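Letters A, B, ... mirror the listed sequences (proteins, then strands); counts begin at 1. These numbers were taken from a predicted model, which means no experiment stands behind them.
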Amino acid sequence: MTLTPQASPAPEQEEAPRTPADGQWHHVMRTVTSGNALVGVLAVVLAVLVGSILILATDAQVRETAGFLTARPGDFLAASRDAIGGAYGALFRGSIYNTRAADFQTGIRPLTETLKFAGPLIAAGLGVGLAFRTGMFNIGGRGQMLLAGGAAGWVGINLDAPRLVQLPVAVLAGMLAAALWAGLAGVLKARTGAHEVIVTIMLNYVAFYLLFYALSSQSILQAPGTVNPKSLPMDQNAVLPKVLGDRFNLHAGFLLALVAVAAVWWLLNRSALGYRFRAVGENPHAARTAGIDVGRTYVVAMLIAGGLVGLAGVNQVLGTVPSGVSTDLDAGIGFDAITVALLGRSNPLGILGAGLLFGAFKAGGFAMQASEGIPVDIVLVIQSLIVLFIAAPPLVRALFRLPTQEAK
Amino acid sequence: MQLALRDITKRFGALVANDHISLTVEPGEIHCLLGENGAGKSTLMNVLYGLYQADEGQILLDGEPRHFSGPGDAMAAGIGMVHQHFMLIPVFTVAENVMLGHEATRLGGTLDLDAARARVREISDRFGFHLDPDARVEDLPVGVQQRVEIVKALSRDAEVLVFDEPTAVLTPQETDELMAIMRQLRDAGTAIVFITHKLREVREVADRITVIRLGKVVGEAEPTASNAELAALMVGRAVELTVAKQPARTGDDALVVSGLTVTDAGGQVHLDDVDFTIRAGEVLAVAGVQGNGQTELTEALVGLQQHVRGSIRLDGHELVGRSVRDVLDSGVGFIPEDRQIDGLVGAFSIAENLMLDRSTDAPFVRRGAVQRDALEAFARDRLTEYDVRAPGIHTPVANLSGGNQQKVVVARELSRDLRLLVAAQPTRGVDVGSIEFIHKQLIATRDAGIPVLVVSTELDEVVALADRIMVLYRGRVVGIVPADTPRDVLGLMMTGERPSGVSA
């Protein structure tokens, strides 16, 4: 309620546009998740531009030359060019192809690193995106990944079985644990109306301390004879195989993520279940009136979303860091996944692209710091700015003088 | 202060919401603006309050033309509005709410709450409101919250007060108290505009009555006018809708509703012990002013209401207590009253919307996958058959006009094997051509031997379609009468009076 109703209320005639929304929140979420592709690309461009300014501001050479800008502007411009060129050059060398490498194999290594980092981002992004499409905000990626890691890790350490059994069982155990964890939020929403945002955030803490407890208990996950909250390394039979041989870190987790992209694409665009997900996400009232069980749809969507996020956790524990389960196994991916899903507009192919971009940022960020001395935080700032610009389509449109989109 | 509106015209696209409306409100007078929902009353008041700009016409205060570019201007000019949905901040106290927007401050920028308290006390003492300035608004009953709204307007020296459907949220006792307050304000010299569609209230407090219908002033009446005269003005008889139809060839009782009672989560009764029967091949039309239980009735029939007692038997099978899915599967077609909220998914294509209530099995789904070829062929056929004007079957329905959207809903519901059709406001917000088409489809459904329940607040539509008419008032059946019952009798029944010779 506001004192003066500034926004014109819809006139009482039926022709006037009306939004079938559950109030403001639903509307905001739809705006954020259904912006058009151009805005996403422009948001990235803008973020890179603002990032450039930050790089200039933090570069010692640029600051020095700026001191005598009026006397020798050429120096300032040259220093600026060097700083920005160096920074983004390093980002490229760190994420796609190292042009300074001696041979092709070394040169292409950064790209494989990008793919390695992209794998869990894509999987978790799919999990968040699928929930978005069903009209839910899954902030619980972290907790879901932690439990997935814990469950997959337990199987990966303790199940004594041949590779063909142990690896699949470990993967499925992780996905199942995360699915149930997310499904819990779905059940609470369907049964009691508890808002999934609050529930999933709180379940993150519960999951964190559950895993911490498990990792601190000798009888559960803690490595025998130690006091640190860390498990034993994975059994060799449970580790995701390297895809390109031992010279590269890229493991089969990325392939699983690609399979997940295809599966989610089919689910959303071709299956009856996905049709109901989208119907409930777009207009739960119409879905209910058409006989769709909205509550059950929420639960099923959260189960699948959790499974996908769980795949990201499995990816970490059995692939990227097989040296043992720890409470930081999620590496911030659970939250980055929200950004990936937003940038990918909750569309599987878009999420694939966004996941690759963020994987490149991760791989390249370290190179920027190592070779140019640019704080890795700049990359984080750029990532954050992308989200900020995506969340504010009118800002992007205004900056690029795009025609404003008429409300549907 | 005298308020005069001269030839106010307001258009939304092709729709004329206010068509040269003129209105004069004298100080010390309660002027009732009477009309059905959608007649244009709220639009007119939003123009007055500066929320909309009129396309044509003038607002005069004491004969002087004024221009309001926002509510702030209107308030400064002495116009106050008590909105149907209160514009209060629930966690603030009464005094804080009243001062909001024109906060008095002391030196240093601190709020002068004492002044606001004194103002609240002064005004509420003057009218006997008994308001505690320090009570939190959210703790107050709805009727008292409304008084806070009134005090808020008065504290800004409003000389014209607009009450927009003020009784919609009030209990009968609170309504009576509000009436007393309005009389008091009038006697103190305030000009009052009272917007409502409830005849009883109008007759009780109005000094003058202006009736609006479809955006136009259709008449003025004295408060001494009879209910029947007012009802006739309100529902009008300007547009004659005729539907060519043969006499109904009715079969056995198909839908038997008995003792149907619907309450909401708060225990409020919306439908009270309703009994009726529809025979196969018959249209029963439900007439009544909106909000008298029609929504609850149709929703209860398809299983959308939670708290339902009584019995709904379709061809001998009980429907109460079954899920929406079950009800639809047992052959009930449902055209919901608000197609954009309950009937369609705006972002979905026409084709996708056509399978909305058949998303689990044949013909559109096999082994979990949507059968796109079958769906597209079906959609193309329906587009032609139902004359949906759209670029193609993949057009999002949000881009269609109201009439074409409604045709998509009708096409979807009539394409199933039906044993009952429930159509709520089937032609609301629909162009004349589509109205005719939809009416023909409803009658064709009847002629195929299917019982049809039509709910409409348009008396013309009720009379055109009905074989029998059931009138609802405050959740009760006033009576079930033949389709050729005179309109003034129907109008009277819509106000809850049962004419002699009509049995329930």
Side-chain angles (χ1 to χ4, degrees), chain A residues 1-23 26-27 30-31 33-34 133 135 193 263 266-297 300 346 406-408, chain B residues 10 12-15 17 37-43 46 51-52 70-72 83 85-90 100-101 215 302 304 323-329 334 336 338 340-348 352 355-357 359-360 364-365 368-370 372 396 398-399 401-402 428-430:
Chain A
M1 287 185 206
T2 53
L3 177 73
T4 49
Q6 294 296 348
S8 319
E12 48 186 359
Q13 276 67 25
E14 291 301 306
E15 260 79 5
R18 296 178 61 178
T19 41
D22 270 331
H26 194 87
H27 177 70
R30 276 167 50 95
T31 314
T33 55
S34 63
R133 292 292 286 270
W266 184 86
L267 179 71
L268 281 175
N269 296 305
R270 291 288 182 269
S271 79
L273 186 61
Y275 172 86
R276 289 195 291 274
F277 286 173
R278 288 186 289 125
V280 169
E282 289 285 347
N283 186 350
H285 303 285
R288 178 167 172 262
T289 306
I292 294 171
D293 186 334
V294 174
R296 195 168 69 186
T297 306
V300 174
S346 302
E406 286 296 322
K408 279 184 201 160
Chain B
K10 177 70 189 168
F12 296 102
L15 181 96
N37 285 313
K41 307 176 302 257
S42 293
T43 304
N46 284 332
L51 287 167
Y52 294 149
H83 297 268
H85 304 286
F86 303 148
M87 302 290 170
L88 298 171
I89 298 180
L100 193 63
V302 283
L304 284 162
S323 70
V324 182
R325 178 79 271 140
D326 278 356
V327 173
L328 297 182
D329 285 346
F334 180 45
D338 193 325
Q340 298 188 23
I341 290 177
D342 296 318
L344 297 165
V345 178
F348 275 16
E352 284 178 310
M355 64 170 281
L356 194 62
D357 54 10
S359 67
T360 45
F364 301 130
V365 175
V370 174
R372 294 172 10 113
N399 297 352
S401 73
R428 181 191 277 176
V430 163

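Minimum interatomic distance between B:A369 and A:W266 (heavy atoms only, all atoms of both residues): CB-CZ2, 3.8 Å. When every heavy atom of A:A290 is checked against every heavy atom of B:R325, the shortest pair comes out as O-NH1, 3.2 Å. Taking both residues in full, the closest heavy atoms of B:L328 and A:G291 are given as CD1-N, 3.8 Å, listed atom of the first, atom of the second, then distance.
Neither the backbone nor the side chain of B:V302 comes within less than 4.5 Å of any heavy atom in chain A.
The OG1 atom of B:T360 sits 12.0 Å away from atom CG of A:D293, with the distance rounded to the nearest 0.5 Å.
Within the 3.5 Å criterion, the main-chain N or O of B:L356 finds a donor-acceptor partner in the side chain of A:Y275. Here the side chain of A:N283 pairs no donor or acceptor atom with the backbone of B:D342 at under 3.5 angstrom. Of the possible donor and acceptor atoms, one in the side chain of A:R276 sits under 3.5 Å from a partner among the backbone N and O of B:S359.
At a threshold of 4.5 Å between non-hydrogen side-chain atoms, the residues A:R288 and B:L304 count as touching.
If you tally non-hydrogen atom pairs under 4.5 Å between each of B:V370, B:V327, B:D326, B:V324 and chain A, the highest count goes to B:V370.
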